[in-house]
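Please read the structure below before turning to the comments.
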Amino acid sequence: MGITIKIPKEFSFKAGYRFLDRSDKECLHRVNEGKVYKLLLIDGELLLIQIEDSGDALTVNCINKKVNNAQTKAIKSYVIEWWDLDYYLKPFYRFCKKDKMLKKLSDDHHGLRMIGFPDLLECLVWAIIGQQINLNFAYIIKRRFVEKYGISIVHQGQSYFHFPDAESVSQLTVEALKELKFSRQKANYTLNVANAILHEGLNKNALKEMGYAEAKATLKNIKGVGDWTADYALMKCIRYPNAIPLGDVGLHNALKAQLKLEAKPSKVVLKQLAEKWAIHSGYVCFYLWSSLLNNN
DNA sequence: AGCCAGGTGTACA
DNA sequence: TGTACACATGGC
């Protein structure tokens, strides 16, 4: 039994699983023995889903409740969006064949889909937390934040958390966030994002419809969202295929390693690369990030 | 000890 | 437009 999701042609569950398994400090999903667990909030109900590979399909089960048809449909759309299953990857792979580094990356991670953020607030807050600090520390702060202000269930002795919504986040204070070791700036940025969503009509659909340039300008209008954060969200949540956080340190490190550069690539070089990658920039970036993982 | 981490806003010239 | 600086903490 369970929900069956047909998988696209270029797809590797293992590659996605490996990406999700990149940190044992992650608190918004769990991976264990080949299965992925995530707590969803659908129409006010907390649904714990379990995703597994069943060869020619993905099998998704809701393991804490019986779900109706509408919920089944919502779960299905969530997983498809989260794992970018509707994206047609073949053009990206065709593009990669022409370039030595991209050829290697696309071979190494064949079938890897860009695991994204269906939730805009979660994406932006995570990006803000991650600004200019090491990832481990970012995960620790996120965990404190989610455990304190998120919602959760316990299932078979395990806690599962869901990110808080814009309304609850907007009611927090800078001081409360500082206790979790947010910097004063980041605490303000976080509140700014929640307020933009709550009071200024910021949402995924609007950002999707206005086109890349306007969407980026709209995001950057929020104090605390700069080039990097805006492009991160446009890439991982709104999914503009050309969006790429060019200033990203991880991206620089990955390029340095892949291209065997003496130093990190310059701004000029980065811009040239992104122009060359064009609409494939997001996937190139995601594959480069994946090349940094050491959890094989 | 000091610099760098999945950056950004602000303060100056 | 461009550059210096603070920011929280942890790892090396």
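Proteins come first, then strands; the chains are lettered A, B, ... in the order of their sequence lines, and each starts at number 1.
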Whether [X] side chain and [Y] backbone form a donor-acceptor pair below 3.5 Å:
X	Y	value
A:Y240	A:K208	yes
A:E179	A:A176	no
A:K38	A:Q50	no
A:K204	A:P118	yes
A:K103	A:K98	no
A:N64	A:L46	yes
A:R18	A:L112	no

Is any side-chain heavy atom of A:S12 closer than 4.5 Å to a side-chain heavy atom of A:H110?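 Of all side-chain heavy-atom pairs linking A:H110 with A:S12, none is under 4.5 Å.
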Pairwise side-chain contact, A:L39 with A:L47, heavy-atom cut-off 4.5 Å (strictly under): no
Fit a plane to each ring of A:W83 and A:F13, take the angle between them on a 0 to 90° scale, and name the class: parallel (under 30°), tilted (30 to 60°) or perpendicular (over 60°).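 Rings of A:W83 and A:F13: parallel, under 30°.
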Between [N] atom [atom2] and [X] atom [atom1], what is the distance in whole Å?
X	N	atom1	atom2	value
A:F137	C:dG11	CZ	C1'	12 Å
A:K186	C:dA6	NZ	C1'	13 Å
A:K142	C:dT9	NZ	C1'	18 Å
A:I129	C:dT9	CD1	P	14 Å
A:L180	C:dC7	CG	C1'	16 Å

For A:I141 and A:L180 the tightest heavy-atom approach is CG1-O, 4.0 Å
Go through [range] and report each residue with a non-hydrogen atom lying under 4.0 Å from DNA chain B, sorted by number.
range	value
residues 264-279 of chain A	A:K264
residues 228-246 of chain A	A:W228, A:T229, A:Y232
residues 113-125 of chain A	none

First of A:Y139 and A:I222 reached from the 5' end of DNA chain B, by closest nucleotide: A:Y139
Taking the nucleotide of DNA chain B with the nearest heavy atom to each, does A:Y189 or A:N134 sit closer to the 5' end?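 Residue closer to the 5' terminus by nearest nucleotide: A:N134.
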Reading DNA chain B in the 5' to 3' direction, which nucleotide is the first one with an atom under 4.0 Å from a heavy atom of chain A, and which is the last?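 First-to-last contact on DNA chain B, by the 4.0 Å heavy-atom rule, is B:dA5 to B:dT10.
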Between [N] and [M], how far is it from one [atom1] atom to the other, in whole Å?
N	M	atom1	value
B:dA5	C:dG2	P	22 Å
C:dC5	B:dG2	P	16 Å
B:dG6	C:dT3	C1'	23 Å

With sequence neighbours left out, what residues match A:N242 under side chain to side chain donor-acceptor pair (under 3.5 Å)? none
Go through the structure and list residues passing side chain to side chain donor-acceptor pair (under 3.5 Å) with A:D248, not counting sequence neighbours. A:W228, A:W289
Give A:D248 one of three labels, base, sugar-phosphate or nothing, depending on what nucleic acid heavy atoms sit under 4.0 Å from its own.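 The residue A:D248 makes base contact.
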Touch class at under 4.0 angstrom, heavy-atom based, for A:Q132 against every strand present: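 Base contact - A:Q132 has a heavy atom under 4.0 Å of at least one base atom.
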Tell me which one of A:Y149, A:Y189, A:F145 satisfies ring-ring contact (aromatic ring centres under 6.0 Å, His included) with A:F182. A:F145
